[in-house]
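First the structure, in the form of structure tokens, and then the observations on it.
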Amino acid sequence: MSRERPNGDRRERHRGRSGGAGALAPVLLPALLAALLAAPALAQDRDARDARDAAPSDTAQQAAPNLRGTGPAPAGRPRASAFDAPTALRGSGAFPAPLGSGAPTNPAASPSEEEPTVARLPRFRSATSLPGSTAQGTPARPSLLRLRAAPPRRLGSATRQITQTRTQQIVTDLRLTPVIQNPVSGVPLPTPILGLGLPNAAGLLLGNTLRRPIPADSAYAPLGIRLGTFTLLPAFTQSIGYDSNPDQIGGTRPRSSLALRSEAELALRSEWSASELTAEMRGSYLEYPQNPEASRPNAVGTARMRIDVDRDTRVDLETRFLLDSQRLGSPDLGAGGATSRPLFATYGATVGVQESFNRLQLSLRGSIDRSVFEDAQLGDGTTIIQSDRNANQYGLRLRAGYEISPAITPFVETFLDTRVYDTPVDQFGLRRDSDGIAFAVGAAVALNSTLTAEISGGLQHRSYIDRTLQDITAPVLNATLVWSVSPLTTVRFNQQTGVIETSVPGSSGAFTEAATLEVQHDLLRNLSITLGGAYLSTDYDGVRIRERGFSAIARLDYRFNRWLALRGSYIYSTLNSTIPLSTYDAHTVLLGVRVNP
């Protein structure tokens with residue numbers, strides 16, 4: 001009834017305006033009634049035709065009034081309310097429009113034919129169906145409101161993994177590597193530059209923590225052995241060569257000999273996301289068939305562990321050991337009176353904590369080292385007692401640094417230590433227990449990962465319990481540098497000073513300076529050459545004993561594959577001393593095979 005009343009009014013208005021229009025009414029009325037009754041079928045045919053031909057005009061005239069919820073709805077389709085329209089625009093389908101009496105009830109009908117969604121608008125419909133779709137008019141892309149809606153919630157641990165990477169995986173900063181206290185025996189020289197008379201000549205220098213070895217080419221790098229969360233890198237080297245002066249003693253006729261060197265190494269590193277454990281150990285034995293008394297062992301090892309308590313706090317642990325022999329021309333052995341090289345051992349540990357307050361870094365470390373000496377045999381059958389040289393050293397180091405920039409960090413450092421002997425009075429009636437203090441100012445530098453350096457200078461003072469022993473005051477100069485000139489060339493430099501213990505009567509101690517320079521260059525992917533030199537200066541306080549030494553080395557490494565390499569080396573060493581029998585020259589040539597399982 002409501003739909004026919006406006007039509008009746010229009011007929012009256014048309015009749016009043018023109019009489020010719022009334023004559024056409026009997027003809028047009030049956031056609032209009034037939035069109036109204038056929039509206040549902042025509043709507044379905046028009047939707048299918050619109051999907052194929054993309055005719056926007058007819059669809060817009062029908063969909064726009066229906067989506068607004070106002071105006072007359074086509075026959076056979078329910079009127080959409082104001083509540084249904086926003087729901088359809090969202091495209092969720094949670095609240096479908098109610099079905100009217102004239103609506104189709106086929107459950108297999110397409111959703112686009114049942115719901116007046118925004119997908120029916122011509123701008124959101126494709127001219128053709130999607131590949132693989134059975135229904136025509138399938139939307140080619142989601143609605144605009146769907147694209148602008150909030151993204152779906154992501155599942156998984158991607159965010160957690162990023163957080164763990166930022167907060168737990170800490171990269172070791174070489175600038176913050178703790179300075180390792182020297183053993184009691186004295187300042188060492190790094191291997192393989194040996195034989196300058198220092199007791200611990202195997203190498204535990206200040207700069208060893210900064211010695212970044214050049215990574216071998218991936219085609220020749222050893223793979224190692226995986227053991228749980230650790231990687232083991234064992235190696236064994238067997239060499240044969242010649243030594244012109246195995247005893248390292250002066251004289252007119254030094255006893256040269258064939259040299260046989262057997263060396264085993266083991267490196268360990270952890271594969272942890274946080275904290276770190278590394279270890280390096282090496283042991284070797286030098287045998288001289290023509291001079292058996294000069295045969296001697298050598299071993300050195302260091303293990304370091306970093307515990308990351310949190311982002312700003314870390315704990316550093318270190319253990320170390322050293323086994324070596326004294327040269328026969330040492331002033332502590334009576335300058336050539338001994339017939340064999342006595343052994344000595346040094347071992348110790350360091351515990352420290354480091355705290356960072358933004359750019360300020362504070363570290364406190366405590367250390368303990370012990371040295372044990374073997375007795376020496378003289379040519380006349382008597383024995384030189386060296387047990388009175390056994391001692392312990394306790395040290396405490398406080399360091400404060402401020403990072404001006406990522407490239408430079410100045411610092412100040414204070415070191416306190418005390419040395420206590422097992423025997424309060426030695427065989428010469430002297431009490432050698434002493435206390436030391438040292439102050440230093442320096443800086444750690446790191447430039448673009450190609451130059452890493454640390455240099456410090458200051459003053460040290462050592463006082464002795466025995467009043468007959470003079471106090472020693474000497475400058476402190478420590479430096480270490482690793483410079484990657486190019487991907488093929490690396491330069492390493494170390495400089496260190498210190499006051500070492502001695503058993504020479506009348507001498508409080510010996511002030512020692514040691515400097516080393518090493519250049520490594522890769523000629524080929526599997527061929528590298530190393531050139532190095534070392535300088536040594538030792539002044540015994542209270543007595544007129546001076547020693548100046550120099551050593552040079554040339555080494556060539558050729559890698560056949562990952563596990564087999566050929567190594568050849570030449571070492572020249574010389575020492576000039578105010579004691580005639582302590583002055584010597586030596587030449588050593590070795591050729592060997594290195595195996596990395």
*Hey, are the side chains of N298 and L286 touching, using non-hydrogen atoms and a 4.5 Å cut-off?*
no
_Partners passing salt bridge (Lys or Arg N to Asp or Glu O under 4.0 Å) against D541 (at least two apart in sequence or in another chain)_ = none
*Please step through side-chain contact (heavy atoms from CB on, under 4.5 Å) for the pair L481 and L451, ending with a clear verdict.*
CA-CA 7 Å; L481 179 145; L451 176 64; 3.8 Å; yes
*asked:* If we count only N and O atoms by modelled type, under 3.5 Å, do the side chains of S463 and D435 hold a donor and an acceptor together?
replied: no
_All salt bridge (Lys or Arg N to Asp or Glu O under 4.0 Å) counterparts of E265, not counting sequence neighbours_ = R594
_Does F428 form a side-chain contact (heavy atoms from CB on, under 4.5 Å) with D388? I'd like the steps, not just the answer._
CA-CA 10 Å; F428 300 103; D388 56 351; 5.5 Å; no
*Distance under 6.0 Å and angle within 45° of ring axis: R432 vs Y421*: no
*Could you pull out the closest heavy-atom pair between S434 and E501, with the gap in Å?*
OG-OE2, 4.4 Å
*Give a yes or no answer on whether the side chain of D308 reaches the backbone of S275 with a donor-acceptor pair at less than 3.5 Å.*
yes
*Are the side chain of S582 and the backbone N or O of G329 linked by a donor-acceptor pair below 3.5 Å?*
yes
_L277 side, atom CG; F230 side, atom CZ - distance, nearest 0.5 Å_ = 5.0 Å
*So which heavy atom on V476 is nearest to which on T497, and how close?*
CA-OG1, 3.4 Å
_Any heavy-atom pair between the side chains of V372 and Y347 that's under 4.5 Å?_
yes
_Side chains of P424 and D433 in contact at under 4.5 Å (non-hydrogen atoms)_ = no
*Does the side chain of V482 reach to within under 4.5 Å of the side chain of T490, using non-hydrogen atoms?*
yes
*Is E374 salt-bridged to R296, cutoff N-O under 4.0 Å?*
no
*Below 4.0 angstrom, N of the basic side chain to O of the carboxylate: do E263 and R261 qualify?*
yes
*Between CD on residue E271 and CD on residue E276, distance to nearest 0.5 Å*: 9.5 Å
*Give a yes or no on whether the backbone of A586 and the side-chain of N245 come within a donor-acceptor separation of less than 3.5 Å.*
no
*Would you please test E454 and F411 for side-chain contact (heavy atoms from CB on, under 4.5 Å) and show each step?*
CA-CA 10 Å; E454 182 176 296; F411 63 86; 4.0 Å; yes
_Using only atom types and a distance under 3.5 Å, with no angle test, would you say the side chain of R389 pairs donor to acceptor with the backbone of T502?_
no
_Assess whether a salt bridge exists between R462 and D417, defined as any Lys/Arg side-chain N lying under 4.0 Å from an Asp/Glu carboxylate O._
yes
_Donor-acceptor contact present, side-chain T583 to main-chain S577, <3.5 Å_ = yes
_By side-chain hydrogen bond (donor to acceptor under 3.5 Å, both in side chains) - contacts of Q427 (at least two apart)_ = none
_Would you say that more than 12 heavy atoms from the other residues, nucleotides or ligands in this model lie under 6.0 Å from the CZ of R226, or not?_
yes
*Which atom of T350 lies closest to which atom of S367, heavy atoms considered*: OG1-CB, 3.6 Å
*Provide the closest heavy-atom pair for N596 versus A235 in the form atom of the first, atom of the second, distance.*
ND2-CB, 3.5 Å
*When rounded to the nearest 0.5 angstrom, what is the spacing between CD1 in I545 and CD in E547?*
7.5 Å
*Please lay out, stage by stage, how F493 and L517 fare under the test side-chain contact (heavy atoms from CB on, under 4.5 Å).*
CA-CA 5 Å; F493 174 77; L517 178 64; 4.2 Å; yes
*R546/D539 salt bridge by N-O under 4.0 Å criterion*: yes
*Side chain of S295, backbone of Y288: donor and acceptor closer than 3.5 Å?*
yes
*Any side-chain heavy atom of S387 sitting closer than 4.5 Å to one from D422?*
no
*Parallel, tilted or perpendicular: which fits the ring planes of Y570 and H587, with parallel below 30° and perpendicular above 60°?*
parallel
_Check: T574 side chain, F550 main-chain N or O, donor-acceptor pair, under 3.5 Å_ = no
*Looking only at heavy atoms, which two atoms of P289 and S257 are closest? And how far apart?*
N-OG, 3.5 Å
*Could you tell me which non-hydrogen atom of Q386 sits nearest to which non-hydrogen atom of D375, and how far apart they are?*
N-OD1, 3.0 Å
*asked:* Under the rule for side chain to side chain contact (heavy atoms under 4.5 Å, CB included), what residues qualify as partners of I455, not counting sequence neighbours?
replied: A479
*asked:* Among residues at least two apart in sequence or on other chains, which ones pass side chain to side chain contact (heavy atoms under 4.5 Å, CB included) with P475?
replied: F511
*So, the side chain of S508 versus the backbone of G542: is there a donor-acceptor pair under 3.5 Å, distance only?*
no
*Taking C-beta and beyond as the side chain, do R365 and R399 meet within less than 4.5 Å on heavy atoms?*
no
*Given side chains that start at C-beta, do those of D332 and V504 come closer than 4.5 Å, heavy atoms only?*
yes
*Look up atom CZ in R269 and atom OG1 in T278, then write down how far apart they are to the nearest 0.5 Å.*
10.5 Å
*Look up atom CZ in R555 and atom CD in E518, then write down how far apart they are to the nearest 0.5 Å.*
6.5 Å
_Straight-line distance of R306 CZ to L317 CG, nearest 0.5 Å_ = 11.5 Å
_Residue pairs, two or more places apart or on separate chains, that pass ring-ring contact (aromatic ring centres under 6.0 Å, His included) and touch residues 451-470_ = none
*Please check if any side-chain donor atom of T313 sits under 3.5 Å from a side-chain acceptor atom of E355, or the reverse.*
yes
*Taking the side chain as C-beta and beyond, is there a heavy-atom pair between N390 and F373 under 4.5 Å?*
yes
